[in-house]
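First up is the structure itself, then whatever we jot down about it.
Just so it is clear, the structure is predicted and the values come from calculations on it, not from any experiment.
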Amino acid sequence: MIVTTTNGIEGFKIDRYLGLVTGEVINLFKDIGAGLRNLFGGRSQGYENELQAARESAQNELVERAEKLGADAVVGVDLDYEVLGQGDMLMVSVTGTAVTLSYGGTKA
């Protein structure tokens with residue numbers, strides 16, 4: 001499945017707009033001390049790993065929901081991060097439009 005932040009996909013024609021799809025994940029930072037111990041040069045590898053895992057989970061959820069609608073792609077994708085609670089929770093949300101595509105007059 002093609003997932004893109006652009007509103008179209010070069011070489012393809014959007015045939016149908018199937019609707020808005022989302023993926024959301026809330027991660028709780030369980031061990032803030034471990035994150036602080038990982039600090040190196042102003043970066044925390046532990047937090048970066050958590051962020052990457054949350055982003056991938058949210059994107060996977062988005063793709064699953066688009067597939068259930070019969071989509072070939074998700075266009076106009078927006079990725080948002082929000083800190084919740086006392087700063088110990090992170091919400092990652094991914095939103096886009098599920099579409100069907102054709103290429104050269106044939107279904108993708």
Requested in this report: Answer yes or no: are there more than 12 heavy-atom neighbours, outside Tyr81 itself, under 6.0 Å from its atom OH?
Outcome: yes
Query - 4.5 Å side-chain heavy-atom contact, Arg55 and Leu51 - result: yes
Report summary line: Heavy-atom closest pair (Ile9 atom, Ala73 atom, distance to 0.1 Å) is CD1-CB, 3.7 Å
**Report entry** Separation of Leu20 CG from Arg65 CZ (nearest 0.5 Å)
**Finding:** 10.0 Å
Report summary line: Hits for side-chain contact (heavy atoms from CB on, under 4.5 Å) against Lys13, two or more places apart or cross-chain, chain-then-number order -> Asp15, Ser102
Report summary line: Taking every heavy atom of Leu62 against every heavy atom of Val21, the minimum-distance pair comes out as CD1-O, 3.3 Å
Query raised in the report: Given the rule that I, L, V, M, F, W and Y join up when any side-chain heavy atoms are under 4.5 Å apart, are Val94 and Val25 in one cluster?
Result: no
Requested in this report: Work out which heavy atom in Val74 is nearest to a heavy atom in Met1; give both atom names and the distance.
Outcome: CG2-SD, 3.9 Å
Query raised in the report: Which atom names give the shortest non-hydrogen contact between Leu101 and Asp72, and what distance separates them?
Result: N-OD2, 2.8 Å
Query raised in the report: When rounded to the nearest 0.5 angstrom, what distance separates CG in Leu79 from OG1 in Thr5?
Result: 10.0 Å
Report task. Rounded to the nearest 0.5 Å, what's the gap from CD1 on Ile26 to OG on Ser57? Could you check? Result -> 12.5 Å
Report task. Report the distance from atom OG1 of Thr97 to atom CG of Leu69, rounding to the nearest 0.5 Å. Result -> 11.0 Å
Report task. Determine the minimum heavy-atom distance between Val75 and Val99, stating which atoms define it. Result -> CG2-CG1, 3.9 Å
Query raised in the report: Which atoms form the tightest heavy-atom contact between Glu61 and Gly23, and what is the distance?
Result: OE2-CA, 3.4 Å
**Report entry** Selection residues 89-100 - residue pairs positive for salt bridge (charged side-chain N to carboxylate O under 4.0 Å, His left out), sequence neighbours left out
**Finding:** none
Requested in this report: Look up atom CG in Asn27 and atom CG in Leu84, then write down how far apart they are to the nearest 0.5 Å.
Outcome: 11.0 Å
Report summary line: Contacts of Glu10 meeting side-chain contact (heavy atoms from CB on, under 4.5 Å) (sequence neighbours excluded), chain-then-number -> none
Query raised in the report: How far does CG of Leu18 sit from CZ of Arg16, to the nearest 0.5 angstrom?
Result: 5.0 Å
